[in-house]
Amino acid sequence: MTMIFGVPLVALASQLVIGLFNGAFYALLSLGLGVIFGLLRVVNFTHGAFYTVGAFAAFLLTSYAGFSFWACLLIAPLIVAALAAVLERTLLRKLYGLDALYGLLLTFGIALLIEGLLQFYFGVAGQPYQVPDILSGTSNLGFMFLPHYRAFAIATSLLLCLLTWLIIEYTSLGAKLRAATENSRLLEVFGVNVPLLLTCTYAFGGALAGFAGVVAAPVFQVSPLMGANLIIVVFAVVIIGGLGSITGAIVSGLMLGTLEALAKVYWPPSANLVPFLIMAVVLFLRPRGLFGKGE
Amino acid sequence: MNNKWKTLLGAALLSTALPMAAVAQGGPLKILVLDDMSGIFAANGGPGTLLAVQMAVEDAGGKVLGRPIEIIQADHQNKPDVGSAQAQRYIQEQGVRAITLGGSSAVGLAAQARAAEAKVFTLASGAYAPNFSEAQCSPYGFQFAPSTQELSRAVTSRIVGEGKKTWYLIAADYVFGHTLIADASKSIQAAGGKVIGQTLHPLNSNDMASALLTAQGSGADVIGLANAGTDLETTVKQAGQFGVGGKLAAMMVYENNIEALTLAASKGMRMSVSTYWDLNDKTRTLAKRMMAKNGGKTPTMGHMGAYGAVTHYLEAVKAVGSDDPDKVAAKMRELPITTGIWENPRIQANGRVTYDMLLVEVKTPAESKGPNDLYKIVAKIPAEGLFRTAKESGCPHVK
Amino acid sequence: MVSASLSLPLQRRRNLNIILLLAGLALLAVAPLFLYPVFLMKLLCFGLFASALNLVLGYGGMVAFGHATFFGGAAYVTAHALKEWGFGAGSGLLIGVAFALVTGFLMGIIAIRRQGFYFAMTTLALSQMAYFAFFQAPFTHAEDGIQRVPRPDFLGLVSLADNMSLYYFVVAVFLIGMAVIWRVIHSPFGASLTAIRENEQRALSLGYHTNRYKLTVFVISAALSGLAGSLKVLVFPIATLTDVAWQMSGEVILMTLLGGVGTFLGPVIGAALVLTIQNYMASTAVPVTIFIGLAFIICVMLFRKGIVGEIIAVLPSSWLNGSERQKAGHQ
Amino acid sequence: MSIVLEARQVSKSFGGFFAVKGVDLKVREGSIHALIGPNGAGKTTMFGLLTRFHSTTSGSIFLKGEDITGKGPADVALRGLCRSFQISSIFPGLTLRENVRVALQRRHGSSHQFWQPSRVLRRFDDEADQLLHRVGLTPLADRLCSEVSYGRKRALEIATTLAMEPKVLLLDEPIAGMAAGDIPMIVELIRSVAKDRTVVMVEHNLSVVESLCDRVTVLVRGEVMAEGSYSEIRDNAAVRQAYIGAGYEV
């Protein structure tokens, strides 16, 4: 058996695939967080809750309304987007003129409220969600059994990240978004409806998180706390990548997932610490993050 | 602005009206059901345990020594600090006299420590760490649930006997998982097997992929699961996805876990239990009454144990003629357990309740005659020699 | 130039402070006759914790989202020292404070490199790292926590075994903690801090190494949070993950925000309010997070000044000092 | 006259765009030196570089012969290089006297004592009042800063900066946004404070520059276009061209 630092290559490779899977979620979530921050200057604590709501929406749609997983993949993000739009219009909007920290505290409160409500109705324990039949098999890759569903999840998440990146970099809508990030007053002069753009951005970021939630549902249990613990790792991802950098969000998300997997192989107790240790090092060497520019 | 102020003033006034410690002598006898009511163990114990306690009180006539019996419930959320504070508060403010313990053993042990100080009874009906009747025993503590030692022994020795010698253990990182690992390792070695690795995971984890792959990579014959509740369900489910389902051996499985995983997914799994609803006429009668009230869910050994524990406590109070803790504790050890839930039950000086354990196997869907028909009883393991004796327990109260 | 006798408003202000102080002391002395002492002690611990956070949040102008690390970390260290090393109550508190001080310094050094919400996110992430470190460290016993912590005597003289004597001990420690906070706020350092909070660029241009001041206040705040956490171990003989989890950091921010950021008594009042409501919620099936979440939303949308801040806003302005007058106006 | 402040080939780029490029600057001790140039010429950036609020992309800066390129803004302030800001920069929640005191307590090394009561700061009140008197703000000493007019804030800013007893004073557009009636007061103030120190100022009002300044450096698009006395600059064709192009009257 081939060994790498005393670990069989086979075991290493399979752990890296799992790491990539987790990294795909980090990337998807930090991407939405980054887009929202870029435009609204809000550190969206509710992001983890959006992810949870996405998963619950899929769970409820499937269990009580008989929707298929594929339908949920489309509808649940829209539900989350609608929720996000309402929150932005009714609450978040009123804080734009104030210290940005109020936005952080407000979204923190909303996250707790959503989490608490879900806990009240569904309990802390996870709800099961079935993998769609077509993806329920596994492939023997030689070094591991890869569940088809996990492969699908990695592929879709990366595709969505890529798509978002292309939109922001290469379309006129993306150009407007980038301009609004620089100077929202300028855009108003050009006739862009900035308030609407802000609502849409928040809703879009929420939809990305909701999508991640649906993708997560069949693998993890659907539980009220699933997003709460994830969001803090995602914060570390965002700090490492550099807030406001789309590329940074995607690259550092995937990187962190795989590094975490490596940690699990070589020194399991450190696995949970890895994202934060890397963050501390990055903050020391490059305070603005790996891909961050000036503020 | 005015309204804001009124609300705040109201809240401030309310806060001054907090109840003082009021232990009314001769008032109702209060029993606290301290359990995980909404978390990962809620289906093992939780609301079902509350129902069982209510039925036990009902069957005792709702009264003892002319005093009404009041049941209070609290959700400790599997957090030791929460459970400990709740136990303390209900003892000091409400004068609770007995507490049933279920859910995380860490919480139960914290609560038992507080209760022992106040001479309050603790009935561990759904808590499985051996510590309740061993190192951290209480003169007023009684463990009706089997401990990790008994749970692991029957399963591991049988599987090692089949020639599967190397084990990798996946455990929840708290007192229950730790003791289960220790006890399982001991019995695996005793049977001639070997533990080649272990992974601990936090309570309520949602991804076991990495642990399972590490276990698989270790090349062990058996992946032993020393976790419980939904953690167990997650592990079994994901093991199936990664193609290692055939290697699993679980040590702590409840009927509700089987129902969640379905018979098809868990058929043939073996574990040991203290009792099963389809054991005898008495268990069947009790279980059918419970099912009538809980929507047909199969009662677990935790639920039936809570019924038996509270019944026994109330009988002892009645026999003594007062709720004097020392007298009742002595009487509980002396009186025979009559509920019929367990076979050959006895109470040791350290508060450990012993009985013959059952080794059961999950039926295949074809074998099952109905939604509640889950296990076939493979063997009965006599209490003698299975449980540690009071002397061996290391309980400091046993002289 | 400074006149020997104080001006009339200042005199009035001083009288008000003395009246408040005496009333507070009297209240603390008789409170256990009416209220459950364990609840009161919990309140004092969290009041001190929130006040310590307020040093950073209100007076330093930095939203620190990781104070649970100091509170819960000190609780662990004290619990371990009392239980395994046989420390007394006094030395047990001190070692908890020392731990929080060192951790605060380490976290501060990294976090103050970034400002505003970057600072908030960094402290949050670092405290989550600490959470996992505690989770893995064998001495904390993971989910079990450190249980059955003994309650030793203070200096071998004062027994803290019964709740009433412990109560007055907790009151004394609380008062010492609050006195330290009062001194820090009303000191040359406090004046420097105000200047930095009001205009950091200007302070830099006047030769203030602003990061050093921020670090100092962060460390003092961490140490006092540690004191509160260690004190809590004497009251509830258990130290668990709850106290180092990030939700705890959020909860203490809420207490401070609700009572009034940057006001001396606000955090204590906020803590009392939050704990009282939690106490009532505990016997219902409604998760406490619903209430905490709602309180955050209401507070941020309607009550940004907090309870004490709103009171200051309706007081005659001659009673107030400069920064309070500023606060009373629109933020 | 010796050189008190010197920049050698200093550049600053923001994401590839050079705000300041290869600037050499020598400020003579005791002079009043003006930096002028159209908007976006890099004057304020240059101030930021000199006072170390920005880090340089390349080049070095010397104060009294000491290389201060690696120092921070607080370090250079303590070495006697103090600046004001384009937009009035005060502590709004403090009284005028307290504002000045912030600088005094720093200079006297009494800013980090968290164990002393704040009444020890009263020992700086006399000095603060003298500084306020010097800029004509004595009657307002106890007023909150946020309550006084813009011109007075700028005067206060100068008083606060003076409290640091700077060797070199950098004033960024000291009369910008000021009511016409207040301008002579500030001009006189600058003239009087410049008696015993060096002043570098960014200024758009060329008549003020003409009446105050000994030397003028013209920055255009981040580079030095010309340097000399005001009259030399005025007669420089390239400078006239740059200014007319930018819509300024010389």
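Chain letters run A, B, ... following the sequence lines, proteins first, then strands; residues in each count from 1.
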What part of A133(C) gets closer than 4.5 Å to chain A, counting heavy atoms only: side chain, backbone, both or neither? both
Name the option with the most non-hydrogen atom pairs under 4.5 Å to chain A; the candidates are L124(C), I253(C), V286(C), V63(C). L124(C)
With side chains defined as the heavy atoms from C-beta onward, is the minimum distance between M279(A) and L126(C) less than 4.5 Å? yes
CG-NZ distance between L302(C) and K94(A), expressed to the nearest 0.5 angstrom: 9.5 Å
Just wondering, do L105(A) and F296(C) contact through their side chains at under 4.5 Å, heavy atoms? yes
Which heavy atom of T90(A) sits nearest to which heavy atom of M301(C), and what is that distance? O-CE, 4.5 Å
Where does V233(A) contact chain C at under 4.5 Å (heavy atoms): side chain, backbone, both or neither? neither
Region of A228(A) that comes under 4.5 Å of a non-hydrogen atom in chain C: both
Does any backbone or side-chain atom of L283(A) lie under 4.5 Å from a heavy atom of chain C? Answer side chain, backbone, both or neither. both
Answer with side chain, backbone, both or neither: which region of L254(C) has an atom nearer than 4.5 Å to a non-hydrogen atom of chain A? neither
With a 4.5 Å heavy-atom cut-off, do R304(C) and L95(A) have their side chains touching? yes
If I measure from the heavy atoms of chain C, does F120(A) come under 4.5 Å with its side chain, its backbone, both, or neither? both
Engaged part of I114(A) at the chain C interface, taking heavy atoms whose separation is under 4.5 Å: neither
Does CZ in F105(C) sit with more than 12 non-hydrogen atoms of other residues, nucleotides or ligands closer than 6.0 Å? no
Report which part of I110(A) has an atom under 4.5 Å of a heavy atom belonging to chain C: side chain, backbone, both, or neither. both
Are F45(A) and F65(C) an aromatic pair by the rule of ring centers under 6.0 Å? yes
Using the test salt bridge (Lys or Arg N to Asp or Glu O under 4.0 Å), find all partners of K264(A) that sit at least two apart in sequence or belong to another chain. none
Against chain C, label I239(A) side chain, backbone, both or neither, depending on which of its atoms sit under 4.5 Å from a heavy atom there. side chain
List the steps and the verdict of side-chain contact (heavy atoms from CB on, under 4.5 Å) for F284(A) and I110(C). CA-CA 7 Å; F284(A) 242 101; I110(C) 297 173; 3.6 Å; yes
Distance from R113(C) atom CZ to R286(A) atom CZ, nearest 0.5 Å? 12.5 Å
Given side chains that start at C-beta, do those of L113(A) and I297(C) come closer than 4.5 Å, heavy atoms only? yes
Find the distance between CZ (F108(A)) and CD (Q247(C)) and round it off to the nearest 0.5 Å. 7.0 Å
Please report the closest heavy-atom contact between G116(A) and I290(C), naming both atoms and the distance. C-CG1, 3.4 Å
Taking the side chain as every heavy atom from C-beta outward, state whether W246(C) and I232(A) have any atom pair closer than 4.5 Å. yes
Interchain contact, L257(C) with chain A, by part (heavy-atom threshold 4.5 Å): side chain
Quick check for you: to the nearest 0.5 Å, what is the distance between L277(A) atom CG and F132(C) atom CZ? 12.0 Å
Distance from T122(C) atom OG1 to F235(A) atom CZ, nearest 0.5 Å? 11.0 Å
